[in-house]
Amino acid sequence: MRSVSRTEAERHPTRDVERLHLLRPRTPWPEAPHGPIATWPAKGPREEQVMVPAGRTHLTARLSLPATTRVVLSIAHSAGDGRPGPWYEYTAPRLHRAGIGTLLLGLLTEEERSDRHKLFDVVLLARRLETATQWLRRETGLPVGYVGSEAGAPAALRAAAADDEIRAVVSLGGRPELAGPAALARVRAPTLFVVGGLDPRGAGLSRLAADWMNCRHHVTVVPGATGDLAGPGAAEAVADLIRDWFTTGRK
């Protein structure tokens, strides 16, 4: 996919679904509408558990910053076991080697994860992510991007709709259409939807969400992967897709 300016992207939104294929050669990215990318000025890598303010509560998160960091991703999820899925174990090391920091952020407290109402309260989760993003910028001084899975997918999209400074978004499975058509139409960050090939319903919902968007976006299907992006080779494929979307802007 050729590079597209924001003005042209809004005029001619992209909507296509294609099978995972060999990734294209890398080129510098993002096409910076917000100026040069900062670098984390640390003497060495930073790895620690942090308490992130999120409205009326605090959320436990894991902050990982390589010694030289270009951008930091809030990996937002609602998983009950504290991990967003099997893809994460493959993704984090690849991101860190590429100079991408991560904040692994569960948007619900341990007590809240059994509350079905809060699990699907996209407005609540998005507000928490917005507050966490403000903290992350103050803490690191770095540009921020989003990766959302489970209920974190629509929350990330809704939060991005309220923040034009978000570098890019990756939505992994989930129910991205729950962000709502009005919010999705306001997202300006380049957005990649990743869905499993064994999840036709999820692919349809991601296409629906993409149809409501005016920014540059793409839907990619990972062959043989389930709705939670599990399956032979799926974790590695998802890791490479996320890394390349944030380093080259290509799926």
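For this chain, numbers begin at 1 and follow the sequence in order. Every heavy atom of this structure was used, including side-chain atoms; hydrogens, water molecules and symmetry mates were not.
- Of the candidates Leu192, Val195, Val170, Thr220 forms a side-chain contact (heavy atoms from CB on, under 4.5 Å) with just one, namely Leu192.
- Between Met51 and Thr60, some side-chain heavy-atom pair lies under the 4.5 Å cut-off.
- Going from atom CG of Leu129 over to atom CD1 of Ile166 covers 7.5 Å, rounded to the nearest 0.5 Å.
- With hydrogens and angles ignored, the 3.5 Å screen pairs no side-chain donor or acceptor of Arg188 with any backbone N or O of Asp164.
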(message) Checking Arg128 against Thr57 for the side-chain contact (heavy atoms from CB on, under 4.5 Å) test, could you report, in this order, the C-alpha distance in whole Å, the side-chain angles of both residues, the deciding distance, and whether it holds?
(response) CA-CA 9 Å; Arg128 287 184 174 183; Thr57 189; 3.7 Å; yes
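- If you take CG on Leu108 and NE2 on His77, they are separated by 9.5 Å, rounding to the nearest 0.5 Å.
- Asp228 is linked by a side chain to side chain donor-acceptor pair (under 3.5 Å) to Thr226, counting only residues two or more places apart in sequence or in another chain.
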Only pairs under 3.5 Å count here: list side-chain donor-acceptor contacts from residues 197-206, not counting sequence neighbours, and write none if there are none.
residue	atom	partner	partner atom	Å
Asp199	OD1	Gly202	N	3.1
Ser206	OG	Gly202	O	3.3

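- Using a 4.5 Å cut-off on side-chain heavy atoms (C-beta onward), Asp163 and Glu130 make no contact.
- Taking both residues in full, the closest heavy atoms of Ala151 and Leu119 are given as CB-O, 3.2 Å, listed atom of the first, atom of the second, then distance.
- Side-chain atoms of His217 come within 3.5 Å of backbone atoms of Cys215 as a donor-acceptor pair (strictly under, hydrogens ignored).
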(message) Walk me through whether Val238 and Tyr90 qualify under side-chain contact (heavy atoms from CB on, under 4.5 Å).
(response) CA-CA 8 Å; Val238 171; Tyr90 290 88; over 6 Å; no
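- Contact check on Glu139 versus Arg46 returns a salt bridge, with a Lys/Arg side-chain nitrogen under 4.0 Å from an Asp/Glu carboxylate oxygen.
- Of all heavy-atom pairs between Pro176 and Ser171, the closest is CB-OG, 3.7 Å.
- A donor-acceptor pair under 3.5 Å links the side-chain atoms of Arg158 to the main chain of Ala179, judged by distance alone.
- Val147 has its side chain within reach of Phe246: a pair of non-hydrogen atoms, C-beta onward, lies under 4.5 Å apart.
- Expressed to the nearest 0.5 Å, how far CE of Met213 lies from CG of Leu208 amounts to 12.0 Å.
- We find that Lys118 and Asp121 are not joined by a salt bridge, their nearest charged nitrogen and carboxylate oxygen being 4.0 Å or further apart.
- The backbone N or O of Ala189 lies less than 3.5 Å from a partner atom in the side chain of Thr191, making a donor-acceptor pair.
- Between Thr109 and His58, the shortest heavy-atom contact is CG2-O, 4.4 Å.
- Scanning all heavy atoms of the two residues, the minimum distance from Leu125 to Ala155 falls at CB-CB, 3.7 Å.
- Legend: residues meeting side chain to side chain donor-acceptor pair (under 3.5 Å) with Glu177, ordered by chain and number and at least two apart, are Arg175.
- Val222 and Ala237 get closest at one heavy-atom pair: CG1-CB, 4.1 Å.
- Hydrophobic clustering (ILVMFWY, side-chain heavy atoms < 4.5 Å, transitive): Phe120 and Leu124 are in distinct clusters.
- Here the OG1-CG distance, from Thr102 to Leu65, works out to 7.5 Å after rounding to the nearest 0.5 Å.
- Taking CD1 from Ile100 and CD1 from Ile242, the interatomic distance works out to 9.5 Å, rounded to the nearest 0.5 Å.
- Atom CZ in Arg94 sits 12.5 Å away from atom OG1 in Thr247 (nearest 0.5 Å).
- A continuous path of ILVMFWY side-chain contacts below 4.5 Å connects Leu157 to Val219, so both sit in one hydrophobic cluster.
- Residues Ala161 and Ala183 approach most closely at CB-O, 3.1 Å, considering heavy atoms.
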(request) Decide side-chain contact (heavy atoms from CB on, under 4.5 Å) for Val194 and Trp87; before the verdict, give the C-alpha distance in whole Å, the side-chain angles of both, and the deciding distance to 0.1 Å. (result) CA-CA 12 Å; Val194 182; Trp87 54 268; over 6 Å; no
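- More than 12 non-hydrogen atoms from other residues, nucleotides or ligands lie less than 6.0 angstrom from CZ of Arg62.
- At a threshold of 4.5 Å between side-chain heavy atoms, the hydrophobic network of Ile, Leu, Val, Met, Phe, Trp and Tyr places Leu241 and Leu104 in one connected group.
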